Amino acid sequence: MNSQVTASGNTRIRLLQAAEALFIERGFESMSLRQITQLADANLAAVNYHFGSKELLVQELLSKRLDRLNQERLQLLAACEQQANGSALDASAVLSVLFVPALRLSRDPAGGPAFMRLLGRVYSDPSPFIRNHLQDHYRPIFGRFFEAFSRALPELPRNELGMRLHFSLKSLSGLLAGEDMDDLIASLSMGETISDAVVLARLISLVSPMLTSPFGSPEQIQIIEQVMGHADAAARATDAEQAANDQAASHKPFGVLTMLNESNEGA
């Protein structure tokens, strides 16, 4: 983690870099000002002087990292919609608009290699502070993309679309937060040399079914009910097997304690 914080003489920059590294690794609630200042080789007075608090420090970090990204997303969405000449974009195209600027920035010094992990952490972090910050500062952007998804998937009721987007993007964010981008690309490439377009196509293909697959179809429900019908019997069989193992262990002539005693006597 220390390698992510440069030896810059600018204390403000070091504090932002340290906060980002710790936020990616631990999340907002699990990082402290003491950890931030230690990693930045600074003191608490420096945080108070430059930012005022941990919350204001993280707010500035998020603004510096997300504002440019979201502006690029809006510009790209407008360009794609203009090209579509009034037709609704495909859901995969809207997902691409979300991911292409992020991947581009992760390859650019302005974003850096940790950029995708930062995004994953931002969108998956459970802290009320992070959730409220996103809602307060990026609500119009969320609304703009929700409408694009709504046009792409008109058959979905809006409440169902919101639920599907919540789970699909949150699961993807958790993946991005926990995995280095190079490792993720290596997994998606499966030993091939592939372009960024293929990387994103494969990633989006994993997310798209969460938006488009049947939602609790009768066939799915029937299959699950069949599995549930075997659950009680499986639990009873497990209990019986565990009881038999416990009984067998209690009747062994040489338990761990016996073996330890014999070892001590032999010594």
Side-chain angles (χ1 to χ4, degrees), residues 1-74 98-142 169-187 196 203:
M1 188 189 306
N2 292 338
S3 62
Q4 299 179 42
V5 180
T6 69
S8 168
N10 189 322
T11 303
R12 184 185 188 88
I13 293 175
R14 294 203 313 273
L15 287 168
L16 287 166
Q17 291 174 333
E20 178 174 327
L22 288 164
F23 178 64
I24 289 172
E25 293 296 330
R26 305 180 183 186
F28 180 78
E29 299 292 349
S30 297
M31 69 179 192
S32 66
L33 278 180
R34 180 180 179 184
Q35 293 166 342
I36 294 170
T37 54
Q38 183 177 7
L39 186 57
D41 192 22
N43 54 45
L44 290 175
V47 175
N48 292 328
Y49 175 77
H50 288 288
F51 303 100
S53 66
K54 170 186 168 182
E55 288 75 13
L56 291 175
L57 165 58
V58 173
Q59 279 185 358
E60 179 160 336
L61 165 65
L62 296 181
S63 293
K64 288 176 71 70
R65 300 296 259 156
L66 298 184
D67 287 359
R68 171 59 187 266
L69 168 68
N70 285 319
Q71 286 304 312
E72 285 195 27
R73 283 170 164 171
L74 290 176
L98 287 174
F99 294 130
V100 167
L103 182 59
R104 191 194 67 77
L105 281 171
S106 73
R107 300 286 175 76
D108 188 284
F115 188 69
M116 295 295 277
R117 287 194 68 199
L118 172 67
L119 286 184
R121 172 62 75 182
V122 166
Y123 294 122
S124 62
D125 194 279
S127 163
F129 170 77
I130 299 297
R131 304 268 63 76
N132 291 337
H133 177 82
L134 294 178
Q135 286 293 323
D136 292 343
H137 290 78
Y138 303 109
R139 186 188 301 271
I141 295 169
F142 295 154
L169 296 178
K170 198 169 184 70
S171 63
L172 180 60
S173 296
L175 172 66
L176 294 176
E179 192 159 358
D180 180 81
M181 192 60 191
D182 289 339
D183 292 338
L184 179 60
I185 290 174
S187 297
D196 285 349
L203 189 60

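Basis for what follows: all heavy atoms, side chains included, without hydrogens, waters or symmetry-related copies. Computed from a prediction, not measured in an experiment: that's the story for all the values here. Numbers for residues simply follow the sequence, beginning at 1.
- For Asn70, the side chain to side chain donor-acceptor pair (under 3.5 Å) partners at least two apart in sequence or on another chain are Arg73.
- Between Ala21 and Leu39, the closest heavy-atom pair is CB-CD2, 4.2 Å.
- Evaluation of the side chain to side chain donor-acceptor pair (under 3.5 Å) rule for Ser127 yields Glu29 as partners, not counting sequence neighbours.
- From Leu33, atom CG reaches atom CG of Asn43 across 11.5 Å, with rounding to the nearest 0.5 Å.
- Judged as a side chain to side chain donor-acceptor pair (under 3.5 Å), and not counting sequence neighbours, Asp41 has no contacts.
- By the side chain to side chain contact (heavy atoms under 4.5 Å, CB included) test, Leu74 pairs with Gln71, Ile141, Arg144, Phe145, sequence neighbours left out.
- Considering CD of Gln17 and CG of Leu61, their distance stands at 10.5 Å, rounded to 0.5 Å.
- Applying the side chain to side chain contact (heavy atoms under 4.5 Å, CB included) test to Ser171 and every residue at least two apart in sequence or in another chain returns Met210.
- Remark: Val122 pairs with Phe23, Leu62, Leu66, Leu118, Leu134 by the side chain to side chain contact (heavy atoms under 4.5 Å, CB included) rule, at least two apart or across chains.
- Sorted pairs that involve residues 122-141 and meet salt bridge (Lys or Arg N to Asp or Glu O under 4.0 Å), not counting sequence neighbours, are lacking altogether.
- Across all their heavy atoms, Ser30 and Arg26 have their closest contact at CB-O, 3.4 Å.
- Classification of Arg121 and Glu25 as a salt-bridged pair fails, no side-chain N sitting under 4.0 Å from a carboxylate O.
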For residues 98-115, tabulate all N or O donor-acceptor pairs below 3.5 Å that involve a side-chain atom, not counting sequence neighbours.
unit_1, atom_1, unit_2, atom_2, d
Arg104, NE, Glu72, OE1, 3.2
Arg104, NH2, Glu72, OE1, 3.1
Arg104, NH2, Glu72, OE2, 2.5
Ser106, OG, Leu103, O, 2.7
Arg107, NH1, Asp196, OD1, 2.9
Arg107, NH1, Asp196, OD2, 2.9
Arg107, NH2, Asp196, OD1, 3.2
Asp108, OD1, Ala110, N, 2.7

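- Among residues at least two apart or in separate chains, side chain to side chain donor-acceptor pair (under 3.5 Å) pairs with a member in residues 46-65 are Arg12-Glu60, Glu20-Arg65.
- Residue pairs meeting the ring-ring contact (aromatic ring centres under 6.0 Å, His included) criterion with at least one partner in residues 116-136, sequence neighbours excluded, are Phe28-Phe129, His133-His137.
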